[in-house]
Structure formats: structure tokens, C-alpha cells
Amino acid sequence: MAAVTQRKTEPVVTEFAARVYAATRRIPRGYVSTYKLVAAAIGCRSSRAVGQALRRNPFAPEVPCHRVIASNLGLGGFSGHISGAALIRKRALLRQEGVIFRNGRLADERQMYRF
DNA sequence: TCACTATATCAGC
DNA sequence: GCTGATATAGTGA
């Protein structure tokens, strides 16, 4: 049946945002990537635009936005906040996946996933 | 068009 | 190492 199997009213996102989410979902568990790498992966030179798309993240938690950090190995932001409890939660989430953060920075650069 | 933004990079100190 | 300024790209009003 189902002439209209409306599955959840997919949020309307732009083509650019869809690429950002697709690239982010490619990041395997236990690895992290940076805004710049994601931007480069989708053919964009502005990491800022990536951050804007991830901030909206209508596909959370399907899209592991917490696996995207800043290029300086910092946590960057999370849940609309660039610091505070949100960052602590982001660090905890990554730690559960095997990504260790030291002093608010990625301990092992080897865990940075390259597209 | 204007303002805002989960960034990145450079210059100066 | 930190701060301020600038570059760059996309979104929403």
C-alpha cells in the first residue's frame, strides 16, 4: 500500500548541506575529521560554510557531527555552542568511540580521518 | 544586499 | 602562544 509512505517528513536542506552530511557520515567510528577536510572533500574552500551546515544538522544523530573538529585539533563547537557543557559532551562522545582528547585537543593526530 | 557564523590563516607582539 | 584582522563560502531575513 502506501501510496504515500511519508517517512518522517525529511527536512529540507540545500544541496551543499547534503554534501556536508554525506561526507560527515563517511567518518568511521574511532576517527575524527576537521571542518577544512570536510570542506575540501565536498569541493569547498570555506570551512565556515561546513560549520554552518553541521550546526543545523537536521539528521542528528545520524550524522556524527561530533566527529568533526577544528583543524587545530581543537573540539570546535557542538550543539550550537563553542564551549561549555556542550563541548564536554562532545569530548565524552568521542572518548566512547576511542578518540582521546588531551587538554581539549586531539591526543593522536593519527585518528584524524582523511577522505 | 546585509549580517551572522561549530573556521582558517597571517601579522604583530 | 595569544589577539586582532582579514579571507572565504553559504544561509536566512
Side-chain angles (χ1 to χ4, degrees):
Chain A
M1 42 190 243
V4 268
T5 319
Q6 213 172 15
R7 45 174 156 101
K8 278 185 54 169
T9 317
E10 286 182 40
V12 184
V13 297
T14 61
E15 213 174 273
F16 173 80
R19 287 181 200 171
V20 175
Y21 304 138
T24 303
R25 288 172 61 181
R26 283 172 53 191
I27 303 173
R29 179 176 164 282
Y31 278 82
V32 292
S33 192
T34 70
Y35 297 104
K36 189 176 184 180
L37 286 176
V38 174
I42 63 177
C44 179
R45 290 187 291 183
S46 180
S47 9
R48 233 171 182 176
V50 176
Q52 287 243 85
L54 285 175
R55 187 194 181 205
R56 301 179 44 164
N57 194 7
F59 296 105
E62 191 184 330
V63 177
C65 46
H66 62 269
R67 285 183 195 152
V68 185
I69 62 176
S71 73
N72 63 316
L73 306 184
L75 279 164
F78 186 60
S79 193
H81 298 277
I82 58 176
S83 61
L87 269 295
I88 297 174
R89 190 164 15 167
K90 179 173 182 177
R91 192 174 69 181
L93 282 169
L94 290 170
R95 197 186 183 294
Q96 289 178 72
E97 299 187 347
V99 184
I100 309 302
F101 270 80
R102 199 74 170 182
N103 193 19
R105 299 209 127 77
L106 183 67
D108 291 300
E109 295 181 43
R110 298 169 298 181
Q111 295 185 299
M112 188 179 293
Y113 179 72
R114 288 171 132 201
F115 290 95

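Being a predicted model, the structure only gives us computed values, none of them experimental. Note on naming: letters A, B, ... go to the chains in the order of the sequence lines (proteins, then strands), and numbering restarts at 1 for each one.
Between dA6(B) and Lys90(A), no contact under 4.0 Å exists linking OP1 or OP2 to a side-chain N or O. Put simply, Ser71(A) has a side-chain N or O that comes within less than 4.0 Å of OP1 or OP2 on dA8(B). At dT5(B), none of the side-chain N or O atoms of Arg56(A) fall inside 4.0 Å of OP1 or OP2 (strictly under the cut-off).
Between the C1' atom of dA7(C) and the OH atom of Tyr35(A) lies a distance of 19 Å, rounded to the nearest Å. With rounding to whole Å, Leu37(A) atom CG is found 10 Å from dT9(B) atom P. Here dT7(B) presents its P atom at 10 Å from CG of Asn72(A), a figure rounded to the nearest Å. A straight line from CZ of Arg19(A) to C1' of dA9(C) spans 13 Å, rounded to a whole angstrom. A straight line from CZ of Arg48(A) to P of dT7(B) spans 7 Å, rounded to a whole angstrom. In this structure, the NZ atom of Lys36(A) is 12 Å from the C1' atom of dT8(C), given to the nearest Å.
At the heavy-atom level, Leu54(A) lies under 4.0 Å from base atoms of the strands shown. Backbone-only engagement by Arg45(A) is indicated by non-hydrogen atom pairs under 4.0 Å involving sugar-phosphate atoms exclusively. Using a 4.0 Å heavy-atom distance criterion, Thr34(A) is classed as making no nucleic acid contact. Counting any heavy atom pair closer than 4.0 Å across all strands shown, Phe16(A) reaches sugar-phosphate atoms only and no base atom.
Atoms CD and CZ, on Glu97(A) and Arg29(A) in that order, are 6.0 Å from each other to the nearest 0.5 Å.
Taking only side-chain atoms of Ile82(A), from C-beta outward, the nucleotide of dT5(B), dT8(C), dT7(B) with the closest atom is dT7(B).
The two residues Ile27(A) and Arg67(A) make their nearest non-hydrogen contact at O-NH1, 2.9 Å. Here the shortest heavy-atom pairing between Ile82(A) and Leu87(A) reads C-CD2, 3.3 Å. Of all the heavy atoms in Ala86(A) and Ser79(A), the pair that sits closest is CB-CB, 4.4 Å.
Taking the side chain as every heavy atom from C-beta outward, Tyr35(A) and Leu54(A) approach each other to under 4.5 Å.
When each of Ser47(A) and Gln52(A) is assigned the nucleotide of DNA chain B bearing its nearest heavy atom, the one mapping closer to the 5' terminus is Gln52(A).
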Worksheet item: Under a 3.5 Å cutoff on both atom distances, Watson-Crick or G-U, what's the dot-bracket for DNA chain B ([ ] crossing, | other strand)?
Response: |||||.|||||||
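Of the possible polar contacts, none joining the Glu62(A) side chain to the Tyr21(A) backbone as a donor-acceptor pair under 3.5 Å is found.
The hydrophobic clustering, which links ILVMFWY residues whose side-chain heavy atoms are closer than 4.5 Å, places Tyr113(A) and Val99(A) together.
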